[in-house]
Amino acid sequence: MQKTKIILDENEIPKKWYNILPDMPTPLSPPLNPATKEPIGPKDLSPLFPMELIKQEVSQERFIAIPDEVRDIYSLWRPSPLYRAHRLEAALKTPARIYYKYEGVSPAGSHKPNTAVAQAYYNMKEGIERLATETGAGQWGSALALATTLFGLKCTVYMVKISYQQKPYRKSLMHLWGADVIPSPSDKTNAGKKILSKDPGSPGSLGIAISEAIEDAATHDDTHYSLGSVLNHVMLHQTVIGQETKEQLAQVEEYPDCIIGSVGGGSNFAGLSFPFLMDKLAGTKDVEVVAVEPTACPSLTGGEFRYDFGDTVGLTPLLKMYTMGHEYVPPAIHAGGLRYHGDSPIVSQLYADKVIDAVAYSQTEVFKAGVTFARSEGIVPAPESAHAIKCAIDKALECKKSGEKKTILFNLSGHGHFDMSAYDTYFSGNMLDEPI
Ligand SMILES: *Cc1c(COP(=O)(O)O)cnc(C)c1O
C-alpha cells in the first residue's frame, strides 16, 4: 500500500523556530514612525507588545528556542499530518505527486493557534492580563480566544461587523473559549466612533477593527495588542509547519519542486515555505514557491511596494510592504482571511527580490477547486486554503501536459466547517467574481 498519511511523534515537534531575517538577500526596510519618518525603536512598541516579541521582531538569530510551555500546548494537535493526495492525483490523471500539510487539526481549525499560543505565553510571562485583537471572518479571534483561555488571560476581540452578523458560529466559538466579542466599528473607541459618525451603517473592515484593538491596548495598562499575521514574529512562529513538513517528506525521500500557500497577511505561506527557502537562499536546493491571493485583494500581483499603514485609521507604524492602500476596502469575498490590504514585509521583500512568485484567482474558480478536493480527498477546505488548492491543481495539470513528475506541496491551512453557507452560495450558482 502506498503511504497516504505521514505522521511524526510528539517529541518531533520542532524545538526551535526558524528566523529567515539573517538569510534574506535584501535586508528588511525598518518600520517607520509616521510622524517623524524615523525608524521606530523597541520603546515605541512596548505599550502594545511584550519585550520578548519585540526582540523576535528584529532578531538576527537564525533559530529561536520554543519555550517548553508552548511546545506542551502545541502537542495537543502537533505534529500535524502531511498527506499524499493520491485520490486527487488520480482524479486529475496527473503524473505529479501532490502533498498537503493539514493545519485544520488544531482546535480552532487553522494554523493560527501556532502563533496565538506563543503570543499569549509571552504576554502572560510579562504579567499582562488581557489581550485585544481584531478578527475578520473569526479565524484569528478564535485562535487567540483559545490561546488566552489556556494561559488564563482575558481576551477582547473586535470583529468586523458584517462577519459578526453573517458568521455567528465563529463568534459562538470565541464566547465558548471565554472571549469578549465586540462588533466593529463600535462606540468603545475613538477610532470606532469616528467611523460611525461618518457612516453609521458601516459594515466594518479589518483595518478599522485593527485601529480599535490598538487603541484599546494603548489606553489600558494591563492590556496588550496581538496580531495574527503580517509581523515578523508571526511568520517566525508559523515555521513549525515547514520544519515538520521537511521531516515528513524526508521520511518518504521527497523534496518539493513547488511549494504553494494562500496569502492574506502571509503567515501560513511563510510557515510552510520559509524552512525550504532557507535551502534555496543557501544555494543548496532550487524550489519554486508560489503565493496565492484573491483577485479581489491582490496585494502582491496588483498592489504597490511602498510604506503604508497597517490599519485604516493610521495608528500603526509605517511598514514597507505590497499594499492596495490602507483605505482600500476589498469586496466581500467568502475567503475573509485573505481580505487584508497589505502583506508581510518579509514576504513582500522576497517577492520584490523574485525569490518567490505570486498568482491571483477569482472566487468561483477557487470554490470549484475546493469542491474537487473535498470530493477526492474528503476534507472540506477553508475558502482561504482553497486558493492554494486551485494553484496546486493548475500545476498538476501542467505536469499532465508536459509529462513532468513534479513534487507539489501545498498548505491546507484550515478546514471549512464554518464556511458551509459560502459553499451553499457556490452551489446556488449565485457566487459572483467581482462581488458587491
Ligand atoms: C487567516 C487565514 C489565512 C490567511 O492568513 P495568512 O496569515 O496569510 O496565513 C489562510 N487560511 C486560513 C485557514 C486562515 O484562517
Side-chain angles (χ1 to χ4, degrees), residues 80 100-116 119 133-146 157 159-160 163 167 170 173-174 206 209-210 226-242 259-274 290-294 296-300 310 321-322 330 333-348 350-351 356 358 360-361 366 370 373 379-391 410-419 422:
S80 65
Y100 57 95
K101 179 72 162 167
Y102 186 38
E103 289 295 309
V105 292
S106 82
S110 78
H111 64 291
K112 290 198 170 77
N114 296 331
T115 185
Q119 294 190 40
T133 196
E134 71 289 335
T135 197
Q139 289 272 23
W140 169 243
S142 47
L144 196 69
L146 166 74
V157 182
M159 184 172 189
V160 176
S163 306
K167 306 220 163 168
R170 279 272 165 205
L173 189 58
M174 290 182 257
L206 209 50
I210 295 176
S226 186
L227 190 61
S229 190
V230 180
L231 297 180
N232 301 348
H233 65 263
V234 180
M235 306 298 127
L236 174 80
H237 300 152
Q238 292 294 352
T239 59
V240 288
I241 302 173
I259 301 176
I260 300 162
S262 64
V263 170
S267 74
N268 86 85
F269 167 80
L272 180 67
S273 65
F274 285 6
V290 189
V292 188
E293 50 187 21
C297 194
S299 329
L300 293 172
M321 60 183 176
Y322 278 91
I333 53 164
H334 293 281
L338 306 185
R339 290 179 71 238
Y340 184 62
H341 67 267
D343 256 321
S344 142
I346 300 180
V347 170
S348 296
L350 292 171
Y351 183 62
I356 62 168
Y361 295 112
V366 163
F373 182 83
I379 299 172
V380 179
E384 291 84 358
S385 318
H387 285 73
I389 295 173
K390 166 64 182 159
C391 182
F410 72 87
N411 202 354
L412 188 61
S413 51
H415 67 62
H417 296 175
F418 288 90
D419 299 282

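Since this is a predicted model, take the numbers as computed values, not measurements. Reckoned from all heavy atoms, side chains included, excluding hydrogens, waters and symmetry mates. Counting convention: from 1, in listed order, for ligands and their atoms alike.
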- Task: Begin with the C-alpha distance, continue with both residues' side-chain angles, and end with the deciding distance and a verdict on side-chain contact (heavy atoms from CB on, under 4.5 Å) for Tyr361 and Cys391.
- Result: CA-CA 8 Å; Tyr361 295 112; Cys391 182; 3.8 Å; yes

- Note on the structure: d(Trp140 CH2, Thr135 OG1) to nearest 0.5 Å is 9.0 Å

- Task: For the residue pair Glu103 and Asn114, confirm or rule out a side-chain donor-acceptor distance under 3.5 Å.
- Result: yes

- Which residue and non-hydrogen atom of the protein lie closest to atom 4 (C) of ligand 1, and at what distance in Å? Gly337 O, 3.4 Å

- Taking heavy atoms and a distance under 4.0 Å, where does Val230 meet ligand 1: side chain, backbone, both or neither? neither

- Task: Decide yes or no for Glu134 and Leu206: does some side-chain heavy atom of the first lie under 4.5 Å from some side-chain heavy atom of the second?
- Result: yes

- Message: Using a 4.0 Å cutoff against the non-hydrogen atoms of Leu338, which atoms of ligand 1 qualify?
- Response: 4 (C)

- Message: Minimum heavy-atom separation for Leu173 and Ser142, please, with both atom names.
- Response: CD2-CB, 3.9 Å

- Relative to the heavy atoms of Val263, which atoms of ligand 1 are at a distance of less than 4.0 Å? 8 (O)

- Would you please classify the geometry between the Phe274 ring and the Phe269 ring as parallel, tilted or perpendicular, with 30° and 60° separating the classes? perpendicular

- Query: Just which atoms of ligand 1 are under 4.0 Å from any heavy atom in Gln139?
  - Reply: 13 (C), 15 (O)

- Message: Quick check on contacts: which atoms of ligand 1 are under 4.0 angstrom from a heavy atom of Ser229?
- Response: 6 (P), 7 (O)

- Query: Should the ring pair His233 and His237 be called parallel, tilted or perpendicular, given that the plane angle runs from 0 to 90° and is split at 30 and 60?
  - Reply: tilted

- Query: Any idea which heavy atoms bring Val105 and Ser80 closest together, and the distance?
  - Reply: CG2-CB, 3.8 Å

- Query: Going by distance only, is there an N or O of Gly265 that falls short of 3.5 Å from an N or O of ligand 1?
  - Reply: yes

- Side chains of Thr115 and Met235: closer than 4.5 Å at any heavy-atom pair? no

- Query: Which residue and non-hydrogen atom of the protein lie closest to atom 11 (N) of ligand 1, and at what distance in Å?
  - Reply: Ser413 OG, 2.7 Å

- Any idea which of Lys112, Arg339, Glu384, Gln238 brings a heavy atom closest to atom 2 (C) of ligand 1? Lys112

- Do we see a donor-acceptor contact under 3.5 Å between the side chains of Asn411 and Ser262? no

- Message: Under 4.0 Å from a heavy atom of Ser262: which atoms of ligand 1 are those, numbered in the order shown and with their elements?
- Response: 10 (C)

- Under a 4.0 Å heavy-atom limit, does Asn268 contact ligand 1 with its side chain, its backbone, both, or neither? both

- Heavy atoms only: which of Gly261, Ala137, Gly264 is nearest to atom 8 (O) of ligand 1? Gly264

- Task: Could you tell me whether some N/O pair between Gly266 and ligand 1 is separated by less than 3.5 angstrom?
- Result: yes

- In ligand 1, the atoms that come under 4.0 Å of a heavy atom of Gly414 are 13 (C)

- Message: One residue to check: His111. Relative to ligand 1, which of side chain, backbone, both or neither has a non-hydrogen atom less than 4.0 Å away?
- Response: side chain

